[in-house]
Amino acid sequence: NKGKYEHYMQKEIHEQPESLKTTMRGRLIRGGSCKAKSVLLGGIKDHLKTIRRSRRIVFIGCGTSYNAALAARPILEELSGIPVTMEIASDLVDRQGPIYREDTTVFVSQSGETADTLQALEYALENGALCVGITNTVGSAIARNTHCGVHINAGCEIGVASTKAYTSQIVVMAMLALAIGDDTISSQARREAIIDGLFDLPKKVKEVLKLDQEMKDLAQLLIAEQSLLVFGRGYNYATALEGALKVKEVALMHSEGILAGEMKHGPLALVDETLPIVVIATRDACFSKQQSVIQQLHARKGRLIVMCTKGDAASVCVGGSCRVIEVPQVEDCLQPVINIVPLQLLAYHLTVLRGYNVDQPRNLAKSVTTQ
Ligand code: UD1
Ligand code: F6R
């Protein structure tokens, strides 16, 4: 049932304040006078000791689920102190990459039925790693065949393009990082700030959804373009990849997410006065580096659309010639949840304006159960 919405993708984008609440329900502990704020993930609490002792955490997934894991990687590394590596499921299987008994492998899959991810799971089980699932589907193959895991509880997602599952996956992996880091006193203030940020997140997502009309106007401007680049780094490298994936899969427009740190190593050659470029430059430790990326793109007359923190338009938009998307600020590691929303809206409106099928893009299936 699409309710008041025209398409499932639209409904699922606008549902995110609620889906995130459901994802967090019963899992955040407010704390009290003598009790610290904390996180309770029933599905992994008995395995936390093993996870903390592992030599490496390996995130494994495909498409949007891989991007969600990439968004959570920095906070997991920070709070756990354990090296976190990333694997695209099919590539791990193709390479038969080394997986050890001392590894914790985390399988991220909305459907829980993706063939590539399942094959990687089988491979990790054979190699004796602890296998943790993060899925939206109770009773799915990933949920059944992993040693333990967390259901993201985002509610059924019908649009082929994953939207609300992406933001819920990031939140679950941030909670996973908080749970693993829970025994470290030195990071307690940081963890409590993130937990406060999680409580506040649905409200902030509601706020960023108000950009709907603005994103529709931007889509109108981009309707006839051939290509769109998206630059991000740090916490928002994943946002760049995921924003580009949304645009390409539903609006059928070539789009590429680029790690801004790689700009000078090739992509800069593409920049001219015609190609539209989204630069994500919200406030975090990478902000000044992104400011200098913007300056360099400007110097090459790049057609810039800058996503920045509310109130920062003047400081990111040198010369005043770029378009700005202002978003509310949240805790740095949760910012990817906010920043993806305008890009989801942009992909949605671009698709509708270009006259393509939003909920069932050409050639794609919701759950890729074949290889
Ligand atoms: C569970 C209940 C939830 C109830 C709550 C009350 C289920 C599915 N969930 O939620 O209805 O409100 O207790 O405390 O009954 N698992 C995997 N692999 C995965 C995902 C999950 O093995 O990929 C396992 C978990 O290790 C756990 C079980 O499935 O044993 C349920 O996981 P989850 O729903 O996340 O647990 P709770 O949040 O505790
Ligand atoms: C993109 C999209 C796909 C899936 C990928 C993995 O919007 O939906 O990239 O994310 O096929 O699917 P799951 O998460 O079900 O394993």
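Everything quoted here is computed from the prediction, not taken from an experiment. Counting starts at 1 for both ligands and their atoms, following the listed order.
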May I ask whether [atom] is less than 4.0 Å from at least one protein heavy atom?
{"atom": "atom 5 (C) of ligand 1", "value": "no"}
{"atom": "atom 8 (C) of ligand 1", "value": "yes"}
{"atom": "atom 14 (O) of ligand 1", "value": "no"}
{"atom": "atom 25 (C) of ligand 1", "value": "yes"}
{"atom": "atom 17 (C) of ligand 1", "value": "yes"}
{"atom": "atom 11 (O) of ligand 1", "value": "no"}
{"atom": "atom 1 (C) of ligand 1", "value": "no"}

Proximal ligand 2 atoms for [X], defined as those under 4.0 Å from one of its heavy atoms:
{"X": "Ala161", "result": "7 (O)"}
{"X": "Val160", "result": "7 (O), 8 (O)"}
{"X": "Lys246", "result": "1 (C), 7 (O)"}
{"X": "Ser109", "result": "13 (P), 14 (O), 15 (O), 16 (O)"}
{"X": "Ser162", "result": "7 (O), 8 (O)"}

One residue to check: Arg144. Relative to ligand 1, which of side chain, backbone, both or neither has a non-hydrogen atom less than 4.0 Å away? neither
Do [X] and [Y] meet the criterion of a side-chain donor-acceptor pair at a distance under 3.5 Å?
{"X": "His349", "Y": "Asp212", "value": "yes"}
{"X": "Thr64", "Y": "Lys246", "value": "yes"}
{"X": "Gln188", "Y": "Glu192", "value": "yes"}
{"X": "Ser65", "Y": "Gln169", "value": "yes"}
{"X": "Thr167", "Y": "Gln16", "value": "yes"}
{"X": "Asn136", "Y": "Ser168", "value": "no"}
{"X": "Gln110", "Y": "Thr135", "value": "no"}
{"X": "Gln371", "Y": "Gln119", "value": "yes"}
{"X": "Thr105", "Y": "Asp103", "value": "no"}

Where is the nearest protein heavy atom to [atom]: which residue, which atom, and how far?
{"atom": "atom 12 (O) of ligand 2", "value": "Thr114 OG1, 3.4 Å"}
{"atom": "atom 15 (O) of ligand 2", "value": "Ser111 OG, 2.6 Å"}
{"atom": "atom 36 (O) of ligand 1", "value": "Gly43 N, 3.8 Å"}
{"atom": "atom 28 (C) of ligand 1", "value": "His151 CE1, 4.3 Å"}
{"atom": "atom 6 (C) of ligand 2", "value": "Cys62 O, 3.4 Å"}
{"atom": "atom 11 (O) of ligand 2", "value": "Val368 CG2, 4.0 Å"}
{"atom": "atom 39 (O) of ligand 1", "value": "Gly42 CA, 3.3 Å"}
{"atom": "atom 3 (C) of ligand 2", "value": "Thr64 N, 4.1 Å"}

I'd like to check whether [X] has a polar contact with ligand 1, where a contact means an N/O of the residue lying under 3.5 Å from an N/O of the ligand.
{"X": "Ile44", "answer": "no"}
{"X": "Thr135", "answer": "no"}
{"X": "Asn153", "answer": "no"}
{"X": "Gly149", "answer": "yes"}

Give me the one residue out of Glu18, Glu12, Glu157, Glu15 that meets salt bridge (Lys or Arg N to Asp or Glu O under 4.0 Å) with Lys164. Glu15
Any side-chain heavy-atom pair from [X] and [Y] closer than 4.5 angstrom?
{"X": "Val341", "Y": "Met215", "answer": "no"}
{"X": "Ile194", "Y": "Leu79", "answer": "yes"}
{"X": "Lys11", "Y": "Lys4", "answer": "no"}

Ion pair Glu331/Arg190, N-O distance below 4.0 Å: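 Salt bridge flag = yes for Arg190 with Glu331.
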May I ask you to check whether the SG atoms of Cys317 and Cys308 are separated by less than 2.5 Å? no
Nearest to atom 1 (C) of ligand 2 by heavy atom, Gln169, Glu242, Glu249: which? Glu249
To atom 14 (O) of ligand 2, the nearest of Ser140, Ser65, Gly61 on a heavy-atom basis is Ser65
Salt bridge (Lys or Arg N to Asp or Glu O under 4.0 Å) evaluation trace for Arg30 with Asp196: CA-CA 9 Å; Arg30 273 187 195 278; Asp196 287 339; over 6 Å; no
Measure the distances from the heavy atoms of Arg27 to every atom of ligand 1 and state whether one is below 4.0 angstrom.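 The answer is yes: ligand 1 sits under 4.0 Å from a heavy atom of Arg27.
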